[in-house]
Amino acid sequence: MTNPPPPSSGPDTPTTGETGRADAAASDPNEDEVLARGTFTRLAEPRGAARLAPDDGSWHQISPKYVWVQVISTGAFLAVVVVGMLVLALALHQTWAFIPGGILSVILVWTLAITPRQARSIGYRLRRDDLVFRRGILWQRLVAVPYGRMQLVDITHGPLDRGFGIAQLKLVTAAAATGVTIPGLAQETAEHLRDVLIEVAESRRTGL
């Protein structure tokens, strides 16, 4: 009896070389260890059955230093608002300044209070065919970015980011709605993740 020939790979079937790096990025314990170094250890989720619950798998988070950057920048803005409000109201006798200044101050104080939990809600996961990004407690966002659609992987950081050794990783695709910016990554992690995503994206585009 003659064994049937093995099925051939069609033009749309990714080869082992094209998918190997993506599989390694999604399941390699060493890869997970690099991406998890110096990050939060527990993903914060909204309460309630209607939330967008993350699927099972290895979710990576951002550096706690991101919280300090946000607290310093928001706190500095709050100080400017309070000083401006007091100067207008007390020195220039423009008491109307208490209304917008007070409202803005309350919003900024609330932002400061929820910043740590918001930061712990940010996570990303490397799957076989895409990168999944999630963030938000009150307003949730969950988006999947296919590797083959990535056009640009960019690292940016401001003065405060550099001072704390963190950066933002921006993923640009053909559709602006699916673009993703992952904030608060350690500089080393951002550079490593950029290299991984560029390599996988190039292999996937070659296989399209």
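Side chains are part of it too, since the values below use all heavy atoms of this structure and drop only hydrogens, waters and symmetry mates. Along the sequence shown, the residues carry numbers beginning at 1.
- When hydrophobic clusters are built by joining Ile, Leu, Val, Met, Phe, Trp and Tyr residues whose side-chain heavy atoms come closer than 4.5 Å, directly or via intermediates, Ile198 is grouped together with Leu131.
- Looking at His192 and Leu35, their side chains come closer than 4.5 Å, going by heavy atoms from C-beta outward.
- Within 6.0 Å of CD in Glu188 there are 12 or fewer heavy atoms belonging to other residues, nucleotides or ligands.
- The backbone N or O of Asp154 sits nowhere less than 3.5 Å from a side-chain atom of Arg194 that would complete a donor-acceptor pair.
- More than 12 non-hydrogen atoms from other residues, nucleotides or ligands lie less than 6.0 angstrom from CD1 of Ile114.
- Side-chain atoms of Gln61 come within 3.5 Å of backbone atoms of Arg42 as a donor-acceptor pair (strictly under, hydrogens ignored).
- Between the CE atom in Met85 and the CG atom in Leu90 there is a gap of 8.5 Å [rounded to 0.5 Å].
- A distance of 12.5 Å separates CZ of Arg134 from CZ of Arg125, quoted to the nearest 0.5 Å.
- Leu193 is listed as a side-chain neighbour of Tyr124, based on a closest heavy-atom distance under 4.5 Å.
- The shortest heavy-atom contact between Gly101 and Ser105 is O-OG, 2.7 Å.
- Nearest heavy-atom pair, Gly75 versus Leu112, reported as atom, atom and distance to 0.1 Å: N-CD2, 4.1 Å.
- Panel note: side chain Tyr147, backbone Arg127; a donor-acceptor pair is recorded below 3.5 Å.
- Side-chain contact check for Thr74 versus Leu78: every heavy-atom pair is 4.5 Å or farther apart.
- Here the straight-line distance linking atom CD1 of Ile166 with atom CH2 of Trp68 works out to 13.0 Å at 0.5 Å rounding.
- By the criterion of side-chain heavy atoms lying less than 4.5 angstrom apart, applied directly or through intervening Ile, Leu, Val, Met, Phe, Trp or Tyr residues, Ile107 is not grouped with Val81; the two fall into different hydrophobic clusters.
- Considering all non-hydrogen atoms of both residues, Ala89 and Ala97 come closest at N-CB, 4.5 Å.
- Contact annotation: the side chain of Val145 approaches that of Met150 to within less than 4.5 Å [non-hydrogen atoms, C-beta and beyond].
- Taking all atoms of both residues into account, the shortest heavy-atom contact from Asp130 to Ala144 is OD2-CB, 3.7 Å.
- To the nearest 0.5 Å, the span separating OG1 on Thr115 from CZ on Arg117 amounts to 13.0 Å.
- Nearest heavy-atom pair, Pro64 versus Gly38, reported as atom, atom and distance to 0.1 Å: CD-O, 3.3 Å.
- Nearest heavy atoms, Ala119 versus Val67: CB-CG2, 3.5 Å.
- Considering only heavy atoms from C-beta on, Trp59 comes within 4.5 Å of Val132 through its side chain.
- Note on Val109: it clusters hydrophobically with Val69, by side-chain heavy-atom contacts below 4.5 Å among ILVMFWY residues.
- Cluster membership for Val200 and Val172, using ILVMFWY side-chain heavy atoms within less than 4.5 angstrom, is not shared.
- Atom NE2 of His60 is separated from atom OG1 of Thr39 by 9.0 Å, given to the nearest 0.5 angstrom.
- Taking the side chain as every heavy atom from C-beta outward, Pro183 and Gln70 never approach each other to under 4.5 Å.
- Going from atom CZ of Arg120 over to atom CD1 of Ile62 covers 10.5 Å, rounded to the nearest 0.5 Å.
- Counting heavy atoms from C-beta outward, Phe40 and Ile122 have side chains that stay 4.5 Å or more apart.
- A heavy-atom distance below 4.5 Å is found between the side chains of Leu197 and Leu169.
- No continuous path of hydrophobic side-chain contacts links Ile137 to Leu142 [ILVMFWY only; heavy atoms under 4.5 Å].
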